[in-house]
Number of protein chains: 2
Amino acid sequence: MPLVFDFKLGFQYIALTRPTILITMSYDVLKQNIKKNLNLSTEELEGICKYYKPFDVKKKEFLLTQGSICKFEGFVLEGCFRIFTLDKKGNENTLYFAAKDWWLMDIDSFMNQTPSNLNIQALEDSKVLLINRRDKNALYDSLPVVEKLFRIMSQKALVSWQRRLIRNHCFTAKERYFHFLETYPDISSKLTDKQIAGYLGISHEFLSKIKKSEK
Amino acid sequence: MPLVFDFKLGFQYIALTRPTILITMSYDVLKQNIKKNLNLSTEELEGICKYYKPFDVKKKEFLLTQGSICKFEGFVLEGCFRIFTLDKKGNENTLYFAAKDWWLMDIDSFMNQTPSNLNIQALEDSKVLLINRRDKNALYDSLPVVEKLFRIMSQKALVSWQRRLIRNHCFTAKERYFHFLETYPDISSKLTDKQIAGYLGISHEFLSKIKKSEK
DNA sequence: AAAAAAAGTTGAACTTGTTCAACTCGGGAA
DNA sequence: TTCCCGAGTTGAACAAGTTCAACTTTTTTT
């Protein structure tokens, strides 16, 4: 099995393998995702997709760890990831989860090539499409419409982050918990309560008490 | 006393006045801001700036209110603004402040022309550069590099929002307060404690106690 | 300058969420 | 199969932050 990408991740050495089965179909997920943001021609979609390479990631493997530099931007075809930081107190603070049809990156570290504050870990066996920095820049240069595409996607993401911050201020932990369950039923069903607590910004003990109070 | 909707901007007509003095110099602030993100030629900078029109905004005037549709994107030349939402409990939750050299918009409402959830209010007599939707689209079309510019700016903004969310989870109110003072000394000096509390997501009484505990 | 309206302070009672420790339970590795 | 580890639960004591109300100070309006 060809070993295409390898990452030195802090202590850990991770070898990503190229999937053994053909995943021509998989690009449809990416194409549909793009089309939701901008109506592109078939040629343009193909021109974009050819830069993204498929990889398998095993459960519990890290695509990125704090301190290392993010060398890729990604898109999830299958499976689920957890993007989190470890704070001084040792709490794992989850920024977001990325399941099928989600983008996966540390923009900060990728753009500026500075050490990342984030960890990206597969919660189950997953398939992703990855693009490295050189190819991403080549993609921007070869297809100017990609600038517009990512401009639009970034602005939409911005809106989501603003809304989440407001929810964190205005809602109680209980309200945030049920909002999360309702908004992301497909993702939340794959998660442990501990992981959900890390996303909500509360202790897992308290989440347990929230659940009890609702029975 | 919570702000009630006596400022019905859906109905209210706000007459922005064009500044009486020439502000040729003012565009330098915008040009410098753009250059921080992308190195553009003098012609490109001029090509962008000509779309942005200067306006005066009086203290306490609203550029946008919840429920109305955002018809502009803006940039602050002088003064200071507060961007906030009013929640069900009547709390004013401040998303951010925009002083000189900051961008000012409700991307969500502006992009999709949907009713805004935000209020944008001048905290002091201010000067802004505004662009409407038609001109913004014309700008994107006339200068493709503007797509790249806003793609980069949006991605940087994204990073800031992610970091703020993590700070909200990992830091106590006291830590967040001092972080804010240190990070934005120029802005925080213009604000009342009540406004700062609204940004930190805490009650102004508690902020008062934080300050006392540090003396 | 006086009056009115906000902003800020303080204390007490209260709610929300944390921490620690002890326990149960289920699933994966040897 | 057994062992063990990590997830989840529960309770008690604690810390963080809110609410309300009364008060003082500062700012704005007239």
Side-chain angles (χ1 to χ4, degrees), chain A residues 58-61 80 82 84 86-94 97 121-125 165-181 188-215, chain B residues 1-4 6-7 58-62 80 82 84 86-94 97 121-125 165 167-181 188-215:
Chain A
K58 287 253 176 308
K59 183 173 180 173
K60 292 189 180 172
E61 267 184 352
C80 191
R82 180 167 145 261
F84 69 98
L86 206 63
D87 68 20
K88 329 154 213 164
K89 298 170 198 161
N91 288 325
E92 292 181 6
N93 201 278
T94 297
F97 301 102
Q121 184 181 31
L123 298 178
E124 50 187 60
D125 288 356
L165 195 112
I166 290 177
R167 280 199 305 275
N168 277 345
H169 281 183
C170 299
F171 288 7
T172 64
K174 189 169 178 171
E175 288 169 329
R176 264 144 53 213
Y177 173 60
F178 287 108
H179 177 273
F180 179 69
L181 292 188
S188 60
S189 61
K190 296 179 174 190
L191 303 174
T192 64
D193 284 354
K194 206 171 178 181
Q195 289 161 349
I196 294 177
Y199 174 87
L200 297 174
I202 59 175
S203 66
H204 68 281
E205 294 95 334
F206 189 58
L207 179 52
S208 178
K209 283 160 196 173
I210 286 173
K211 291 173 71 178
K212 189 189 174 194
S213 75
E214 195 57 15
K215 291 279 161 59
Chain B
M1 177 77 67
L3 176 59
V4 195
D6 51 358
F7 53 77
K58 289 253 177 304
K59 183 173 178 171
K60 291 189 179 174
E61 264 184 356
F62 285 81
C80 192
R82 180 168 143 258
F84 68 99
L86 205 62
D87 68 21
K88 328 155 213 164
K89 300 169 197 162
N91 289 326
E92 293 181 10
N93 200 279
T94 297
F97 302 101
Q121 185 182 31
L123 297 178
E124 52 188 56
D125 289 356
L165 194 113
R167 281 199 304 276
N168 277 345
H169 280 182
C170 299
F171 290 7
T172 64
K174 190 169 179 173
E175 289 169 329
R176 263 143 55 210
Y177 173 60
F178 288 108
H179 176 274
F180 179 69
L181 293 188
S188 60
S189 62
K190 295 180 173 188
L191 303 174
T192 65
D193 285 354
K194 206 171 177 181
Q195 288 161 349
I196 294 177
Y199 173 87
L200 298 174
I202 58 175
S203 66
H204 69 281
E205 294 96 331
F206 189 58
L207 178 53
S208 179
K209 284 160 196 174
I210 286 173
K211 291 174 71 177
K212 190 188 173 194
S213 74
E214 194 58 14
K215 289 279 161 60

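Here is how names work: the chains are called A, B, and so on, in the same order as the sequence lines, proteins then strands, and each is numbered from 1.
What separates CG of B/L207 from C1' of C/dT10 is a distance of 14 Å, to the nearest Å. A/D87 places its CG atom 12 Å from the P atom of C/dT18, with the value rounded to the nearest Å. Rounded to an integer number of Å, the gap from A/K211 NZ to D/dT10 P is 10 Å. Between the CG atom of B/L123 and the P atom of C/dA6 there is a distance of 15 Å, given to the nearest Å. Separating the CG atom of A/L191 from the P atom of D/dA7 is a distance of 12 Å, rounded to the nearest angstrom. Here the P atom of nucleotide C/dT18 and the CD1 atom of A/I210 are 8 Å apart, to the nearest Å. In this entry the distance linking CD of A/Q195 with P of D/dG6 reads 14 Å, nearest Å. Regarding A/I196, its CD1 atom lies at a distance of 13 Å from the P atom of D/dA7, rounded to whole Å.
At least one side-chain heavy atom of A/L123 sits under 4.5 Å from a side-chain heavy atom of A/F97. Side-chain contact between B/N168 and A/N168: absent, with no pair of heavy atoms (C-beta onward) separated by less than 4.5 Å.
Partners of B/K190 under the salt bridge (charged side-chain N to carboxylate O under 4.0 Å, His left out) rule, at least two apart in sequence or in another chain, are B/E124. Residues passing the side-chain hydrogen bond (donor to acceptor under 3.5 Å, both in side chains) test with A/Q195 are A/T192, sequence neighbours excluded. B/A122 is linked by a side chain to side chain contact (heavy atoms under 4.5 Å, CB included) to B/V57, B/F81, B/S126, counting only residues two or more places apart in sequence or in another chain. The side-chain hydrogen bond (donor to acceptor under 3.5 Å, both in side chains) check on B/N93 picks up A/H169, with sequence neighbours excluded. Shown here are the side chain to side chain contact (heavy atoms under 4.5 Å, CB included) partners of B/T172, two or more places apart in sequence or in another chain: B/K174, B/E175. The ring-ring contact (aromatic ring centres under 6.0 Å, His included) search around A/F180 returns A/Y184, A/Y199, not counting sequence neighbours. Shown here are the side-chain hydrogen bond (donor to acceptor under 3.5 Å, both in side chains) partners of A/Q121, two or more places apart in sequence or in another chain: A/R82.
Set against C/dG17, D/dT18, C/dT10, the side chain of B/S208 has C/dT10 as its closest nucleotide. Residue A/T172 has its side chain nearest to C/dG17 when only D/dA7, C/dG17, D/dG17 are considered. In the set D/dG8, D/dG17, C/dG8, the nucleotide with an atom closest to the side chain of B/D193 is C/dG8. The side chain of B/H204 lies closest to C/dT9 when the candidates are C/dT9, D/dT10, D/dG8.
Between A/K194 and D/dC5 there is no side-chain polar atom (N or O) within less than 4.0 angstrom of OP1 or OP2.
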Could you pull out the protein-nucleic contacts involving nucleotides 19-30 of chain C (nitrogen or oxygen on both sides, under 3.5 Å)?
residue	atom	partner	partner atom	Å
C/dT19	O4	A/K209	NZ	3.3

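Across its full length, the helix from C/dA1-D/dT30 to C/dA30-D/dT1 shows an angle of 50° between the axes of its 5 terminal pairs at either end, rounded to 10 degrees.
Toward the 5' end of DNA chain D, the nearer of the two residues B/A173 and B/K60, judged by each one's closest nucleotide, is B/A173.
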